[in-house]
Amino acid sequence: MAATELTNIQSTIQDIWSPLFMDDLYQDNLLINLINQDYSGDIRDVGDNVRVNQINKMTGQTLTIDKTGGARTFTPETVTTTGIQVVADRRFVASADFADLTDIQSMLDPLSARSQQIRAAMVSAISEQINSYLYGLLAPASSIVAATMNATVLAGARKYGADEFWERSKGWYGLLGTSYWEDMLLDTTLTSGDYVDDRPMVGGQKGMRRFGFNLFEDNSAGNADRGLFFHPDFLYWVQQYEPRFKVSDKHAQGEFAYMVSVDLVGGAKLGHDGAVKHTLRTLV
């Protein structure tokens, strides 16, 4: 295959697959949907860094109103922010060999069954890498052993968030491993309609709202016996705007084959007071 034709195929795959790939990734990965992604700057390559700013709490004033004209004057506060630099120091990669040129050409049709299967396999590989990376950054100030997930445990997590003054406008979330999710489904208190506010949805998955938390089952590897409760600002995530695809002929390596790779550059860091903005419940 001529180099110019390979270049054209790569350009077409980049244009067609990139937005579809990101849509699929966000459908596939719960945690990346829920953490803070509000930052200033652009990520173009590994090592780039951006700044995440958070407005600090204001004090306010209480004034006494009286007949002498009290409470007419006030002292404005200067709005201050706490900034955290987040470095995009990870490259998440998925690559595959194809012996048959028709597999490469099938990728040009995003609706073909073969194209969707290949894209799903690559998305799953990238998603698992990102998920493992993000979970590896957990460093809660509080982690409690819980033999089962029941109303008492969930209420305790809610109390922790309230005691640590988690801001409420962004919502509070809980990602439960399969064992804990099963416990919750079998707890009549938690499954009763009296405790249901609505059915939140993230990444195509419907969750449950209980005791102020939007709860979702997270069946990613290693999470069977883990419950993560958090405010979205506990972790900051930054990433390239789009993944990059490359198609190469392997004839120079003595192979009648082709290689397709996709990589996505990103990075994450615990947010301001992030240690107290998330808490873990585990079986061990």
Side-chain angles (χ1 to χ4, degrees), residues 26 30-44 47-90 134-144 153-175 195 197-198 200-202 207 209-216 227-241 266-281:
Y26 278 91
L30 282 170
L31 188 54
I32 198 177
N33 272 281
L34 298 173
I35 55 180
N36 188 308
Q37 297 185 51
D38 300 326
Y39 55 88
S40 301
D42 294 319
I43 302 296
R44 300 189 181 276
D48 287 351
N49 65 83
V50 296
R51 184 178 179 87
V52 180
N53 291 316
Q54 179 174 309
I55 297 176
N56 296 327
K57 183 179 179 181
M58 300 182 71
T59 304
Q61 292 176 267
T62 299
L63 306 175
T64 300
I65 301 175
D66 57 35
K67 296 180 180 180
T68 62
R72 290 186 179 180
T73 61
F74 58 91
T75 304
E77 296 179 56
T78 300
V79 176
T80 61
T81 61
T82 298
I84 294 179
Q85 294 294 126
V86 186
V87 181
D89 57 0
R90 295 292 189 276
L134 294 178
Y135 268 100
L137 295 175
L138 301 185
S142 170
S143 181
I144 295 176
V153 174
L154 189 58
R158 188 216 61 80
K159 182 179 183 299
Y160 179 82
D163 288 344
E164 294 297 337
F165 303 102
W166 291 2
E167 187 268 339
R168 296 180 184 272
S169 66
K170 293 185 177 181
W172 298 359
Y173 295 88
L175 298 183
Y195 294 88
D197 298 317
D198 52 31
M201 179 174 288
V202 171
R209 185 169 175 81
R210 302 291 189 275
F211 295 4
F213 284 104
N214 297 306
L215 302 174
F216 297 88
L228 170 63
F229 300 92
F230 61 93
H231 183 280
D233 289 344
F234 95 95
L235 190 64
Y236 297 149
W237 164 254
V238 302
Q239 69 181 42
Q240 262 180 337
Y241 177 71
K269 188 175 184 180
L270 280 181
H272 179 59
D273 291 333
V276 296
K277 289 179 180 176
H278 71 298
T279 182
L280 279 175
R281 300 297 182 267

Do side-chain atoms of Thr279 reach the backbone of Ser142 as a donor and acceptor pair under 3.5 angstrom?
yes
Let's go through Ile84 and Lys269 carefully: what are the C-alpha distance in whole Å and the side-chain angles of both, what is the deciding distance for side-chain contact (heavy atoms from CB on, under 4.5 Å) to 0.1 Å, and is it a yes or a no?
CA-CA 9 Å; Ile84 294 179; Lys269 188 175 184 180; 3.7 Å; yes
Please walk me through it: do Leu31 and Phe230 pass side-chain contact (heavy atoms from CB on, under 4.5 Å)?
CA-CA 10 Å; Leu31 188 54; Phe230 61 93; 4.1 Å; yes
Please step through side-chain contact (heavy atoms from CB on, under 4.5 Å) for the pair Leu215 and Arg209, ending with a clear verdict.
CA-CA 6 Å; Leu215 302 174; Arg209 185 169 175 81; over 6 Å; no
Return the set of residues passing side-chain contact (heavy atoms from CB on, under 4.5 Å) with Ala141 (not counting sequence neighbours), or none when no residue passes.
Tyr160, Ala275, Val276
Approximate separation, where rounding is to 0.5 Å, of His231 NE2 and Leu34 CG
11.5 Å
Once you round to the nearest 0.5 Å, how far does CH2 of Trp166 lie from CZ of Arg158?
10.5 Å
For Lys159, look at atom NZ and say whether over 12 heavy atoms of other residues, nucleotides or ligands are found less than 6.0 Å away.
no
Do you know the tightest heavy-atom contact between Gly171 and Pro232?
O-CD, 3.2 Å
Pairwise side-chain contact, Trp237 with Asn36, heavy-atom cut-off 4.5 Å (strictly under)
no
Whether Gln37 side chain and Ile32 backbone form a donor-acceptor pair below 3.5 Å
yes
Any side-chain heavy atom of Asp233 sitting closer than 4.5 Å to one from His272?
no
Taking only residues two or more places apart in sequence, or in another chain, which ones meet Pro140 in a side-chain contact (heavy atoms from CB on, under 4.5 Å)?
Leu138, Ser143, His278, Leu280
CG/Leu235 to OH/Tyr135 distance, rounded to the nearest 0.5 angstrom?
11.0 Å
Distance flag, aromatic centroids of Phe213 and Phe229, threshold under 6.0 Å
yes
Test your reading of the model: is there a side-chain donor-acceptor pair from Glu164 to the backbone of Lys277, 3.5 Å cut-off?
no
